[in-house]
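See below for the structure under consideration.
Residue numbering restarts at 1 for every chain, and letters A, B, ... go by the order of the sequence lines.
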Number of protein chains: 2
Amino acid sequence: MAEYPPFAVTADLVVLTVRADELSVLLVRRGVPPYEGAWALPGGFVGIDEDLPDAAVRELAEETGLPEPAGHLEQLGTYGHPGRDPRGRVVTVAWLALLPDLPTPVAGTDAAAAEWVPVTKVARGRLAFDHDRILGDGLERARAKLEYTPLATAFCPPEFTVAQLRAVYETVWDTRLDPRNFHRKVTGTPGFVEPVGRSTEGDRGRPAQLFRRGPATVLHPAMLRQHR
Amino acid sequence: MAEYPPFAVTADLVVLTVRADELSVLLVRRGVPPYEGAWALPGGFVGIDEDLPDAAVRELAEETGLPEPAGHLEQLGTYGHPGRDPRGRVVTVAWLALLPDLPTPVAGTDAAAAEWVPVTKVARGRLAFDHDRILGDGLERARAKLEYTPLATAFCPPEFTVAQLRAVYETVWDTRLDPRNFHRKVTGTPGFVEPVGRSTEGDRGRPAQLFRRGPATVLHPAMLRQHR
DNA sequence: TCCCCTTTTCGTCACTCAGACGATAAACAC
DNA sequence: GTGTTTATCGTCTGAGTGACGAAAAGGGGA
């Protein structure tokens, strides 16, 4: 293999969650050059004998301090512009993770200081490397996938109400949705959600039925939003 | 960078076209080990100073012998299982290209012997490396994208008729579509196609209006197919 | 206990859109 | 002309959605 150009390969993560009615991304503050002191996506180098998804899962566990709880993880894309890392030729495989709001603070084992940052507060052009663009692509992917997959449930705990699910859509899309039409849509789309059989108690208003995510992988019909 | 594990990075291409009413993929026969004599996706190593999209465009031009004509090119995904290449740790960034049927044979400059192979004739498990899986992912992506993007026009020449566009959908999806409903749908979706103002002549039947692709990047409403 | 407020859940109506299919238009072959 | 082929337009019906009314089911305070 010595005859082929040597690259370094990293795995970077766009980890999204919904907390306090805001879509937030997990960021770390870099403690070493380059971009020392700047915010960056969590990530790290892939081991020479390590599979790519394994590296993503490992980084996710290290940064969140949780042994791969619920949630969703998928490959987002690969970024390898020659000048993106001043240390040399580094190609990064970016991953998109969607998690329910974590009860534990995430400044866990390995990372210097991981923090949830509302995506509206991430200043454009402020992230290290090309992480600004990667984050943008991740947000776009997440917003699009809510339309035609049941992935919004990845932001919810194992059991949730229709209103919680609606709050996810409203937060990620930054829109308002009619509660009555949304309820009809969600409960009427086969395989989207399944009733648990119990209800909430102690909240304001009428108790709501609890659901868990259904077996569907794509939504038919889709949850369309206004594209203009 | 010597402290980081060295990877080789390649760019592999899933190049699709529609010819003779069949969805076909561009394959090369490997002339050197490993997998000598087996069919494989075209591709090659990324230069140490070469950007990833540039490598894909270069490989595409080399294999098709055409200087990036019309068509569409997008990143498909990255595959890097540790055992996928017996020569060492090779990570490949796969790209999906959709081209109109090329008038010239493609056994052009660089490739040993590039050939269009109907995807129905590609035996499962017969391709080198993990190219079987990459091809499968590419086909799935292409079929899905015809639903909600105007990408079917990438399979057509610059000017085309509604019937030609319908043939693309029917070939890629392997279904029959009603010509009257398809015509209404295509001409009624804003930005999908634009009339050129001229018509075909010399074919059988009534001459058909010529169209070119419109400015839309997503289709509203989408061209839905039956998913069951 | 009785109102008031909140939230969930069910219904209704009008409109859009897709599938099924009839009918007409415009070429060519004979 | 007649027949054949293909393109294009129209009509009807059922499904799905947005807008919105109304009832159900809890809690809190007078």
Side-chain angles (χ1 to χ4, degrees), chain A residues 21 146-148 150 156 159-171 173 175-212 216 218-228, chain B residues 21 146-148 152 156 159-171 173 175-212 216 218-228:
Chain A
D21 287 331
L146 289 206
E147 283 196 289
Y148 57 95
C156 295
E159 297 186 352
F160 52 87
T161 67
V162 175
Q164 285 176 50
L165 189 62
R166 178 166 48 87
V168 167
Y169 276 95
E170 292 182 334
T171 302
W173 285 350
T175 51
R176 298 277 103 186
L177 299 174
D178 184 274
R180 299 158 291 190
N181 292 335
F182 184 84
H183 187 278
R184 178 183 57 189
K185 191 74 190 297
V186 167
T187 56
T189 300
F192 194 177
V193 296
E194 289 180 338
V196 171
R198 288 177 290 107
S199 294
T200 56
E201 32 185 84
D203 277 347
R204 278 188 311 191
R206 173 175 170 176
Q209 215 178 340
L210 283 170
F211 294 86
R212 69 170 67 87
V218 288
L219 298 183
H220 284 280
M223 299 280 312
L224 293 181
R225 60 180 156 155
Q226 314 306 338
H227 269 261
R228 272 156 253 290
Chain B
D21 286 332
L146 290 207
E147 282 197 288
Y148 58 94
C156 296
E159 298 186 350
F160 53 88
T161 67
V162 175
Q164 285 175 51
L165 189 62
R166 179 166 47 87
V168 168
Y169 276 94
E170 292 182 333
T171 301
W173 285 350
T175 52
R176 299 276 103 186
L177 298 173
D178 184 275
R180 298 157 291 188
N181 292 336
F182 184 85
H183 188 278
R184 177 184 59 188
K185 192 73 190 298
V186 167
T187 56
T189 300
F192 193 177
V193 296
E194 289 179 338
V196 170
R198 289 177 290 107
S199 294
T200 57
E201 32 185 84
D203 276 346
R204 279 189 310 190
R206 173 176 169 176
Q209 215 178 341
L210 283 170
F211 293 87
R212 69 170 68 89
V218 288
L219 298 183
H220 283 280
M223 299 282 310
L224 294 181
R225 62 181 154 150
Q226 314 307 338
H227 269 261
R228 272 155 250 291

Original post:
Distance from B:D21 atom CG to B:E170 atom CD, nearest 0.5 Å?
Top reply: 8.5 Å
**OP:** Determine yes or no for a side-chain-to-main-chain donor-acceptor pair under 3.5 angstrom, with A:E201 supplying the side chain and A:P207 the backbone.
**Re:** no
**OP:** With rounding to the nearest 0.5 Å, note down the distance linking CZ in B:R166 to CZ in B:R176.
**Re:** 8.0 Å
Original post:
Can you give one letter per nucleotide of nucleotides 15-20 of chain C, going 5' to 3': B for a protein heavy atom under 4.0 Å from the base, S for sugar-phosphate only, - for none?
Top reply: ---BBB
Original post:
Between D:dT8, C:dT8, D:dG26, which one does the side chain of B:V162 approach most closely?
Top reply: D:dT8
Subject >> Length of the line joining B:H220:NE2 and D:dT17:P, which is rounded to integer Å >> reply: 14 Å
Original post:
Can you tell me how far CE of A:M223 sits from CG of A:L165, rounded to the nearest 0.5 angstrom?
Top reply: 7.5 Å
**OP:** To the nearest 0.5 Å, tell me how far B:Y148 OH sits from B:H220 NE2.
**Re:** 11.0 Å
Original post:
Nearest-Å distance, CG (A:L210) to C1' (C:dT8)?
Top reply: 13 Å
Original post:
Is any side-chain N or O of B:H183 closer than 4.0 Å to OP1 or OP2 of D:dT8?
Top reply: yes
Original post:
Over how many whole Å does the gap from B:Q209 atom CD to C:dA27 atom P extend?
Top reply: 13 Å
**OP:** Work out which heavy atom in A:L210 is nearest to a heavy atom in A:E159; give both atom names and the distance.
**Re:** CD1-OE1, 3.8 Å
Original post:
Any side-chain N or O of B:R166 under 4.0 Å from OP1/OP2 of D:dA7?
Top reply: yes
Subject >> Under 4.0 angstrom between B:R206 side-chain N/O and C:dA25 OP1 or OP2 >> reply: no
Original post:
Taking the side chain of B:R204 as heavy atoms from C-beta outward, which of D:dT6, C:dG22, C:dT9 is closest to it?
Top reply: D:dT6
**OP:** Find the distance A:R180:CZ to C:dC10:C1' and express it as a whole number of Å.
**Re:** 11 Å
Original post:
Atom CD of B:Q164 to atom C1' of D:dT6: distance rounded to whole Å?
Top reply: 13 Å
**OP:** Evaluate the side-chain proximity of B:W173 to B:E147: yes if any heavy-atom separation is below 4.5 Å, no if none is.
**Re:** yes
Subject >> Residue whose nearest DNA chain D nucleotide is more 5′ - B:G205 or B:F211 >> reply: B:G205
**OP:** May I have the distance from A:M223 (atom CE) to D:dG16 (atom P), rounded to whole angstrom?
**Re:** 14 Å
**OP:** Measure from CZ on B:R176 to P on D:dT6 and round the result to the nearest Å.
**Re:** 12 Å
